[in-house]
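For reference, the structure is listed below as structure tokens.
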Amino acid sequence: MRRSLARTVLGGMLLFGGLPAGFAGDVRANDQHPERSRDFAAELAQLSAQRQVVDLELVLAVDASSSVSAEEFDLQMRGFADAFRDPAVAAAIRATGELGVAIAMIQWSDNRRQHVAIDWQHLTTAESAERYADLIDTTPRFLDGGGTAIGGAIEFGVRLIERNAFEGVRKVIDISGDGRANQGAQPAKLRDLAVLQGITINGLAILNEDSSVDAYYRSSVIGGTGAFVMTANNYEDFAAAMLEKLIKEIGAVPVAHGPSDGPSDTGGPEGAPTTPGGTQLAERTGTLPGPATDRDASRESGDLPGY
């Protein structure tokens, strides 16, 4: 069981480019030397054991593409800050006890541009949530313009989760945006790889430009245990939707949705957990990130690991 789990985790790390530095040679050699494979699995397990256990690892992925004006971006950031100052979110964080939640915020646009806006922070109290809101208030827009590469945002979020100093009981990437992917790999492919690594993708769809983008998020973006989509009619409604979303994510509040219209829908019974893109029901499941810089701009659009 442990060897199988290590192989699954290793495979996901290779696909997402998340393998710790110095391990590439070991991986090639392990194909022909089972004893080295066992040593490698043990080393991988030791790395995991050194991480601080938290109730939730959460990546907040903020749309900074061309479709988002300066005013709309400010409304997004204000919505995040207001949510972390809300007593309900503070209560959800306190309810996680000593484990708390680890949160990072990224900004994303086209396939070559993702940026760590706020590096990982460990929140356990209302005071730490307030400090996080203060950080959001002072965070500038690092990316301005570009296409909509949701798959690139998912891939970048997975790398942050794999390379941080925490080990979450739950792992979530929270994608907010107002449009469909228009470049890079299809997000459903990256979503499915993330789900295989135990990561849930949730979405907040802003309907100001495309009134059916929520259906697209349900079929092509969200996935994993308890995955769900929240909607905001416009950026003015973003704050209320994000507040409700964070309460559900941090508190693992059950959320049931009707069946998706997308091709990934399994058509299972309403309210039952399913495979990526289908009807979902939220439930609990029992090397540090690099500098806060843009992703390598030399990568060509659509050139993602494994595709």
Considering all heavy atoms of both residues, which atom of [X] and which atom of [Y] are nearest to each other, and what is their separation?
X	Y	value
Ile154	Ala194	CG2-CB, 4.3 Å
Ser176	Phe238	CB-CE1, 4.0 Å
Trp108	Ala153	CG-CB, 3.6 Å
Ala185	Leu190	CB-CD2, 3.5 Å
Val229	Ala205	CG1-CB, 4.2 Å
Ser66	Gly146	OG-N, 2.8 Å

How many angstroms lie between [atom1] in [X] and [atom2] in [Y], if you round to the nearest 0.5 Å?
X	Y	atom1	atom2	result
Leu60	Ile106	CG	CD1	9.0 Å
Arg51	Asn164	CZ	CG	6.0 Å
Ser67	Glu72	OG	CD	7.5 Å
Phe156	Ile173	CZ	CD1	11.0 Å
Ile222	Leu204	CD1	CG	12.0 Å
Leu75	Phe80	CG	CZ	12.0 Å

Would a 4.5 Å heavy-atom cut-off, applied to side chains only, mark [X] and [Y] as touching?
X	Y	value
Val101	Val54	no
Ile136	Asp134	no
Leu243	Phe84	no
Met77	Met105	yes
Ile250	Leu56	yes
Val59	Val172	no
Val116	Phe142	no
Leu58	Leu246	yes

Quick one: does any side-chain atom of [X] pair with a main-chain N or O of [Y] as donor and acceptor, under 3.5 Å?
X	Y	value
Gln107	Pro140	yes
Asn202	Phe228	yes
Gln183	Asn111	yes
Thr200	Thr225	yes
Ser109	Gly145	yes
Thr138	Leu135	yes

Task: Check: Ser212/Arg180 side-chain N/O donor and acceptor closer than 3.5 Å - done: yes
- [ ] Only counting residues at least two apart or in another chain, list the ones meeting side-chain hydrogen bond (donor to acceptor under 3.5 Å, both in side chains) with Ser128.
- [x] Thr125
TODO: Please step through side chain to side chain contact (heavy atoms under 4.5 Å, CB included) for the pair Val89 and Ile247, ending with a clear verdict.
DONE: CA-CA 5 Å; Val89 170; Ile247 293 170; 4.0 Å; yes
- [ ] Scan for side-chain hydrogen bond (donor to acceptor under 3.5 Å, both in side chains) pairs involving residues 228-242, sequence neighbours excluded, and state none if there are none.
- [x] Asp178-Tyr235
Open item on the list: Between Glu162 and Gln197, is the side chain to side chain donor-acceptor pair (under 3.5 Å) condition met? List the steps.
Closed with: CA-CA 10 Å; Glu162 290 298 334; Gln197 291 184 252; 2.8 Å; yes
Task: side chain to side chain contact (heavy atoms under 4.5 Å, CB included) between Asp214 and Leu207, intermediate numbers included - done: CA-CA 7 Å; Asp214 56 331; Leu207 310 181; 4.1 Å; yes
Going by salt bridge (Lys or Arg N to Asp or Glu O under 4.0 Å), name the residues that satisfy it together with [X], two or more places apart in sequence or in a different chain.
X	value
Asp144	Arg141
Arg78	none
Glu244	Lys248

TODO: Just do the salt bridge (Lys or Arg N to Asp or Glu O under 4.0 Å) check on Glu130 and Arg85 with the steps written out, would you?
DONE: CA-CA 5 Å; Glu130 178 72 28; Arg85 290 191 174 99; 3.0 Å; yes
Task: Criterion side chain to side chain contact (heavy atoms under 4.5 Å, CB included) on Ile161 and Lys171, from CA distance to verdict - done: CA-CA 8 Å; Ile161 288 174; Lys171 302 176 183 184; 3.8 Å; yes
Open item on the list: Gln76 vs Asp63, test: side chain to side chain donor-acceptor pair (under 3.5 Å). Steps then yes/no.
Closed with: CA-CA 9 Å; Gln76 283 189 89; Asp63 189 352; 6.0 Å; no
Open item on the list: Between Glu249 and Lys245, does any NZ, NE, NH1 or NH2 come within less than 4.0 Å of an OD or OE carboxylate oxygen?
Closed with: yes
- [ ] Give every residue pair that meets the ring pair (Phe, Tyr, Trp, His ring centres under 6.0 Å) criterion with at least one member in residues 162-186, sequence neighbours excluded.
- [x] His122-Phe166
Open item on the list: With side chain to side chain contact (heavy atoms under 4.5 Å, CB included) as the criterion, how do Ile201 and Val221 come out once you've worked through the C-alpha distance, each side chain's angles and the decisive distance to 0.1 Å?
Closed with: CA-CA 7 Å; Ile201 314 293; Val221 178; 4.2 Å; yes
